[in-house]
Amino acid sequence: MVQYWRAAGVSYLRYCNLTADAVRSALKEQARKKTAAKVPFSMTKSTWEAGKPVSRVQLEPAGAEALQGAK
Amino acid sequence: MFRQAASRASALARQSAAGGQRRQMAEAVAADKLHFNFFLPGGTIQKDAAVDMVLVPASSGVMGILPRHAPTVAQLRPGVVEVHSEGTKDKYFVSSGFAFVHKDRTDVCAVAAAPLSDLDASAVAQGVTDAEAAMAAAKTDMEKAEAQIGLDTYTAMRSALTMA
């Protein structure tokens, strides 16, 4: 018995994150402030050349947007 | 002489403590109560609580867990986890996760959870409207599925609030 989102190609990881984003977006202001501090993670992407970092890009801390690639 | 007695006493204490730990793997609660844990990635809602019953929104339907429930694993869908304890019912909306019923304890592990009082009714109504619009605008199967996921979550929150 396959769930509809699995059949459409959505992974469980993405399903979890979408539902969690929906719940977090529906929280009242105070509760949202408490969770907002815990949720975002930030990633820095740096390309290296000849043993030295050439560029450093700060990836946006976010929920679903940052995990777009993890489908 | 006293040093020998003290070391013997401490050895006995260590033995009984170790024996006690070997006999019970988890902190036991009274036999007629459910040993309940409720975990989130960022914190704990309940730990080693002795409750009467827990209702979880499994993907196959609402499931009630009483003490001595058969071991099982249930995948959760967006819905309400109700913790019944001594006449009080604590209700939390969970986004997704798993409920693990072990022989001696029950763990509910949710990705995101909030007491119903923390949900904003107008934000939920707005979310339902936005999700319906996304459903109408979706073209590919995956877009439709993702819109459906959002719609399911928001409608579950809406019914949780109206039934509270």
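Keep in mind that this is a model prediction, so the values were computed, not measured. Order of the sequence lines fixes the chain letters, A, B, ..., with proteins taken first and strands second; residue numbering starts at 1 for each chain.
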* Could you pull out all residues at least two apart from B:Lys33 that satisfy salt bridge (charged side-chain N to carboxylate O under 4.0 Å, His left out)? => B:Asp52, B:Glu86
* Answer with side chain, backbone, both or neither: which region of A:Glu29 has an atom nearer than 4.5 Å to a non-hydrogen atom of chain B? => neither
* Taking all heavy atoms of B:Ser96 and all of A:Tyr15, pick out the closest pair and write down the distance. => CB-CE2, 4.2 Å
* **Proximal component of B:Thr153, with respect to chain A [non-hydrogen, under 4.5 Å]** => side chain
* Nearest 0.5 Å, what's the CD1-CZ distance between B:Ile149 and A:Arg14? -> 8.0 Å
* **Heavy-atom closest contact (B:Tyr154 atom, A:Ala26 atom, distance)** => CE2-CB, 4.4 Å
* To do: Return the set of residues passing side chain to side chain contact (heavy atoms under 4.5 Å, CB included) with B:Ser85 (not counting sequence neighbours), or none when no residue passes.
  => B:Val51, B:Thr88
* Structure fact -> Heavy-atom nearest pair, A:Ala20 first then B:Val111, reads CB-CG1, 3.8 Å
Enumerate, atom names and distances included, each donor-acceptor pair closer than 3.5 Å involving a side-chain atom of residues 129-137 of chain B, sequence neighbours excluded.
| residue | atom | partner | partner atom | Å |
| --- | --- | --- | --- | --- |
| B:Thr129 | OG1 | B:Ala125 | O | 2.8 |
| B:Asp130 | OD1 | B:Gln126 | NE2 | 3.0 |

* Asked: Hey, what do you get for CD (B:Glu146) to CG (A:Asn17), rounding to the nearest 0.5 Å?
  -> 11.0 Å
* **Which atom of B:Met157 lies closest to which atom of A:Ala22, heavy atoms considered** => CE-O, 3.5 Å
* Asked: If Ile, Leu, Val, Met, Phe, Trp and Tyr residues are connected whenever their side-chain heavy atoms lie under 4.5 Å apart, and connections chain through other members, are B:Val108 and B:Val80 in the same group?
  -> no
* Which distance, rounded to the nearest 0.5 Å, do you find between the OH of A:Tyr4 and the CG of B:Asp152? -> 3.5 Å
* Contact summary for A:Val23 and B:Ser95, nearest pair of heavy atoms -> CG2-CB, 3.5 Å
* Minimum heavy-atom distance between A:Lys28 and B:Leu119, given as atom pair plus value -> CE-O, 3.5 Å
* To do: Give a yes or no on whether B:Phe39 and B:Phe98 share a hydrophobic cluster (residues Ile, Leu, Val, Met, Phe, Trp, Tyr; joining criterion: side-chain heavy atoms under 4.5 Å apart).
  => no
* **Hphob cluster co-occupancy, B:Val124 + B:Val94, side-chain heavy atoms under 4.5 angstrom** => no
* **Single-linkage hydrophobic cluster B:Leu40~B:Val83, side-chain heavy atoms < 4.5 angstrom** => yes
* Asked: Which residues in residues 54-77 of chain B have any heavy atom lying under 4.5 Å from a heavy atom of chain A?
  -> B:Ser59, B:Gln75, B:Arg77
